[in-house]
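Numbers here simply count residues along the sequence, with the first being 1. Scope of the values below: all heavy atoms of this structure, side chains included, with no hydrogens, waters or symmetry mates.
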Amino acid sequence: MPVNIPIPTDRPVRVRIAPSPTGDPHVGTAYIGLFNRVFASKHGGAFVLRIEDTDQVRSTAASERAIFDSLRWCGVRWDEGPDVGGPYGPYRQSERSDIYREHAARLIREGEAYYCFATAEELAEMRATAREQKRQTSYDRRYRDLPADEVQRRLEAGQPHVVRLKMPIEGVTRFDDGLRGGIEIDNAQIDDQVLLKSDGMPTYHLANVVDDHLMEITHVIRAEEWISSTPKHVQLYKAFGWQPPTFIHMPLLRNPDKSKISKRKNPVSLEYYQRVGILPEALLNFLGRMVWSMPDESEKFSVGQMIEHFDWERLSLGGPIFDIAKLKWLNGLYLRELEDSELVERLRGWLLNDEYLSMLAPLLKERLETLSDFVPKTAFFFGDDRELTAEALVPKKKERKESYKVLKALTEKVEGMRSWDAESIEATLRGHVEATAGWKVRDVFMMTRLAVTGRKATPGLFETMVVLGKAVCQARLRQAMVVLK
Ligand code: GLU
């Protein structure tokens, strides 16, 4: 498939990533960020970081901060964003609500969108009918052609409503993907999408398209999973009378079993890789090499070299496998090249520093007879020396299968935690004891302690988990699940 990625001659290349701050910073964000950075730099363009926080319930300031920190750690630099500013701000969608409302109002005025007053019951009913008729779309467009005076009456009566786009009912929506060629989708498969929710907040589709247009984005480089949203976006550009950007959908990173990369099979948090001592330049090299190769096929290259030689033709669309053994091998190459003094610097930047020792000191003080005791007693805070066995993990008088289920449910609860402090961890663990019939505090706590530290005796469990960090605890709980499986 020939690559078709035009570079405008009358305006600068502008690209963006648009993460939603709803969880831990994801390795996929660094991957997509890298290709945006490289492409922008190759063409002397700008790379924008936009925060898509329209989901007010799930978005948190802590997650946003973690995204900034992790991307900075990786060395993926952005030119414009909420923290660095720029001429197209604000760069946080929650600060742009008026813009989206004005744009939705414009589409209504021009007959491209409409108010929909469907209640939750009506929508449930439509979904049930669609299921029966085996239709892919479910909304039956019952409010699409409501007479204007009826709409007015309902609005004045304060009836809750959303705004929907009038999708074409027949025909196909077609767009060109820069790497994949023409993609077509039957319009009959696309619902009249919601643009503004009943709380007046925009949906992802509306905010994303309006911002990409107003921020003069020329190329949307994002993961393959967004291909199914693109026809909706194309229809929105059409409704506004705007020229869409060039869409480039990057291959998804995959687990060894080829499924989409997920925390169930692979640690996906950038914080995890930082914590276990992967060097940022090795991580970027690895992420770049997964889908792209240098003209001489060398395994090891810097972002600078990638920019110098970048060419979309050298990108491979096959499902790239996120292979941690390969990442470690590459990381080893980088470590070996460091001067001794540089290695010392890196170790300091990692965990061998005052800040980390100050977190450990209060936990260990009571447990030392000599200073040298500190080393074996804290080994699991630095590296992973656990040797887990099912025998040790399963509490006395409990079954392995049941223990697996309890550990799995606990792991999921831990993963869903929004704050990471001793009180929250204690509340989660105690809550889990209460929710698990027949399990005592001792059973749940000991299994957790063993899973995250590999030991029976450690400093206080909650404090230990705080210092280990959520990303490490999560990965270790997942590894313990594999042992019990
Ligand atoms: N907010 C979307 C995300 O979380 C952005 C997708 C896109 O790049 O359009 O990844």
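A donor-acceptor pair under 3.5 Å is absent between the side-chain atoms of Ser198 and the main chain of Val162, judged by distance alone. Formation of a donor-acceptor pair under 3.5 Å by the His213 side chain with backbone atoms of Val209 is not found in this model.
A salt bridge does not link Glu337 with Arg346: none of the charged nitrogens is closer than 4.0 Å to a carboxylate oxygen. With salt bridges taken as basic N to acidic carboxylate O contacts below 4.0 Å, none links Asp79 and Arg16. Here Lys405 does not pair with Glu402 in a salt bridge; the nearest charged N to carboxylate O distance is not below 4.0 Å.
By the 4.5 Å heavy-atom criterion applied to side chains, Pro87 and Glu80 are counted as neighbours.
The side-chain tip of Arg14 points at the ring of Tyr88 from less than 6.0 angstrom away and within 45° of straight on.
Arg478 approaches Lys263 most closely through the heavy-atom pair CD-O, 3.5 Å. Across every non-hydrogen atom of Leu206 and Ala104, the tightest pair is CD2-CB, 4.3 Å.
Checked against Asp98 for a side-chain contact (heavy atoms from CB on, under 4.5 Å), the options Arg96, Glu95, Arg101 give a single hit: Arg101. When Val38, Val15, Thr246 are each tested for a side-chain contact (heavy atoms from CB on, under 4.5 Å) with Ile221, only one passes: Val15.
Asp83 and Tyr91 form no side-chain donor-acceptor contact under 3.5 Å, judged by distance and modelled atom types alone.
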In sequence, state the C-alpha distance, the side-chain angles, and the governing distance for Ser41 and Arg77, and then conclude on side chain to side chain donor-acceptor pair (under 3.5 Å).
-> CA-CA 10 Å; Ser41 295; Arg77 185 182 52 78; 4.7 Å; no
Can you check side-chain contact (heavy atoms from CB on, under 4.5 Å) on Arg50 and Asp212, steps first, answer last?
-> CA-CA 10 Å; Arg50 182 171 74 225; Asp212 282 347; 2.9 Å; yes
Run the side-chain contact (heavy atoms from CB on, under 4.5 Å) check on Ile99 and His103 step by step: do they pass?
-> CA-CA 6 Å; Ile99 300 177; His103 280 81; 3.7 Å; yes
Apply side-chain contact (heavy atoms from CB on, under 4.5 Å) to the pair Tyr237 and Gln243, showing each step before the final yes or no.
-> CA-CA 7 Å; Tyr237 281 102; Gln243 180 69 27; over 6 Å; no
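Checked against the 6.0 Å centroid criterion, the rings of Trp292 and Phe310 qualify as a close aromatic pair.
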